[in-house]
Protein chains: 2
Amino acid sequence: MDKTTSPKSARRMTEPRQGAQAIRRALAVLRILAAGREDGVPLAEVVRATGLTRPTVHRIVHVLIEEGIVERHDRTGRYAIGNQVPELALARARPSRLLIAANPSLQRASTEIGDTLFLTVRTGNDTLCVDRRIGVYPIQVLSIEVGARRPLGVSSAGVAILAAMPAQDARKIVAANEKRLEAYRTDAATVLGQVTAARRRGYGMREIGLVQGTKSISTWIKTPDGRPAAAMTVSAVRTRLGPRREQEVAEILLREARIIEQAIRS
Amino acid sequence: MDKTTSPKSARRMTEPRQGAQAIRRALAVLRILAAGREDGVPLAEVVRATGLTRPTVHRIVHVLIEEGIVERHDRTGRYAIGNQVPELALARARPSRLLIAANPSLQRASTEIGDTLFLTVRTGNDTLCVDRRIGVYPIQVLSIEVGARRPLGVSSAGVAILAAMPAQDARKIVAANEKRLEAYRTDAATVLGQVTAARRRGYGMREIGLVQGTKSISTWIKTPDGRPAAAMTVSAVRTRLGPRREQEVAEILLREARIIEQAIRS
DNA sequence: GCGTTCTTGTCCATATTATGGACAAGACGA
DNA sequence: TCGTCTTGTCCATAATATGGACAAGAACGC
């Protein structure tokens, strides 16, 4: 069913490992459901996004419901992450090192810039917003919340993260997300174009944000071994981010990104 | 392998549903790992607790590692919940209704009693500590942290929750936990004895707490439909909870439990 | 050193398990 | 009324996950 991984190209040490198709599929379903937040996702959408057949998704989802991992909203029939997931998450009580390291930078940049700041990490083929600071300027882009999850490539943060990794890896991820890009009215070619542009520019950018009339600028944050760990993003109404100010904001973000990179050295 | 559920006794609407053995097993493994918190659990312990064979557990655990759901600590070789679990949990940003409803009661009772207070929920066959308030008295029992997970029955909170459900359900859960009770130096018969005593007394109690020299008192909190939702516990050094004070503390806990029950009506 | 007893990790023939095509039944709109 | 969505179910079949047996490493005693 999935012949993308050729056995010859052993890019990293970790090799396939078989005997757990069902578990992998269940997790793929869970990640799609996570993107739906509290509202959840209709079954058909999960089928589309995962590429699995409907009976399979149906069976997986309902087993997960019995186990308390997934909930079904009676009103809408949509499926969402269940409350047993946060319960399992409590096993890791402490906030991540990144969150701690990024905190002062977010604070500083937010005060300096005045617009909303986001910290976004990569998780699998998705971006996940893990922190947010609201700026002081009276008009703020608040549509993206902590926990927001999107396919890598559709947000400026996603573009930044893709730009920070080897081109081949980025291409693979975008290809894997192809089915899900439609929902965001974009496609693999467009995304890869934006990634190339971001790489050249030194930061990610979206003139037309996911929210109408907004513009976003994102810098990437790399781990000591050179892989992208996160992105720091400023979103504002487009008129507030003209060419001149874009440059200023980008410089602040780049400065803070380097500071965070220093702070997360193990 | 598991013939405990007879097809004839349709106790609730929800019936078995098959075709996902592997997923259920993976979740059983995850729940055991969650009990190990940050330190994790050795593979052999997971094998014991789940009753699965070692090759099966090994395969499941390593697939979950590849998926980022589980981590292996190189130093100790122990397995623990991975960081992708909190990431999935972010999909449910809002704190639970119970946590909100219980907050003022915990605050009030903590001030009044002076010892550490715990809010514990049932999750599957486990208890899970979801909130804690440290009292003002200089000696405090702090060994139990938010996120602590134990088989239902080994803590006074677990006994209280079991006491609040139909005797038959309680027996089933204790039987299911039998293998895991050994690690806490107790057994099914002892636990069921404590449950009966708690039911008679009106609250759960442990003269000899899990921590040496401590004593705990727990009241149960029921949902509107009469099922136990949580337990509220006071833990203190034993000398601080003599018969007289036990009575006083229990009365405060019972009072606050009723208040929380009012607050969580949907 | 060498045996004993833990642990974790791997192999692969096998039967159990998950799979998905086909069908059914609702919900909504025309 | 029909057409087109959706979700849910059945079951013969192929593919998958299973676990017994084996291997290798770590920790301890002597």
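Because only heavy atoms are used, hydrogens play no part in the values below, and waters and symmetry mates are left out as well, while side chains stay in. Per chain, numbering begins at 1; letters A, B, ... match sequence-line order.
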Take atom [atom1] of [X] and atom [atom2] of [N], then tell me their distance rounded to the nearest Å.
X: H58(B); N: dG20(D); atom1: NE2; atom2: P; answer: 17 Å
X: L64(A); N: dG8(D); atom1: CG; atom2: P; answer: 14 Å
X: Y79(B); N: dG9(C); atom1: OH; atom2: C1'; answer: 8 Å
X: I23(B); N: dA18(C); atom1: CD1; atom2: C1'; answer: 9 Å
X: R25(A); N: dG20(C); atom1: CZ; atom2: P; answer: 5 Å
X: R59(B); N: dT16(D); atom1: CZ; atom2: C1'; answer: 10 Å
X: R48(A); N: dC5(D); atom1: CZ; atom2: P; answer: 11 Å
X: L52(B); N: dA17(D); atom1: CG; atom2: P; answer: 15 Å

- Going by atom types only, do Y79(A) and H58(A) share a side-chain donor-acceptor pair under 3.5 Å?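 No, no side-chain donor-acceptor pair sits under 3.5 Å.
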
- Can R78(A) and E45(A) be counted as an ion pair, charged N to O under 4.0 angstrom? no

- Message: Is the shortest side-chain heavy-atom distance between I144(A) and R150(A) below 4.5 Å?
- Response: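 Side-chain contact under 4.5 Å: yes.
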
- Query: Can you find a heavy atom in the side chain of L43(B) that is under 4.5 Å from one in the side chain of R54(B)?
  - Reply: yes

- Item | First encountered from the 5' end of DNA chain D, between H62(A) and I60(B) |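 By nearest-heavy-atom nucleotide position, the 5'-most residue is H62(A).
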
- Of all the choices, dT19(C), dT6(D), dT7(C), which nucleotide is nearest to the side chain of A22(A) once you look at every atom? dT19(C)

- Pick base, sugar-phosphate or nothing for R75(B), based on heavy-atom distances below 4.0 Å to the nucleic acid.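 Nothing, no heavy atom under 4.0 Å.
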
- Name the nucleic acid region contacted by R72(B), choosing base, sugar-phosphate or nothing; use a 4.0 angstrom heavy-atom cut-off, strictly under.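 Sugar-phosphate contact only - R72(B) comes under 4.0 Å of backbone atoms but never of a base.
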
- Message: Does dG19(D) have its OP1 or OP2 closer than 4.0 Å to a side-chain nitrogen or oxygen of T56(B)?
- Response: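 Checking T56(B) against dG19(D): at least one side-chain N or O falls below 4.0 Å of OP1 or OP2.
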
- Item | Phosphate-side-chain proximity, Q21(B) and dT16(C), N/O vs OP1/OP2 below 4.0 Å |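 For Q21(B), the contact criterion (side-chain N or O under 4.0 Å from OP1 or OP2 of dT16(C)) is not met.
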
- Full working for salt bridge (charged side-chain N to carboxylate O under 4.0 Å, His left out) between R92(A) and E87(B): CA-CA 11 Å; R92(A) 291 174 62 97; E87(B) 287 174 356; over 6 Å; no

- Message: Does R54(B) contact dG9(C) through a side-chain donor or acceptor facing the base, at a distance under 3.5 Å?
- Response: yes

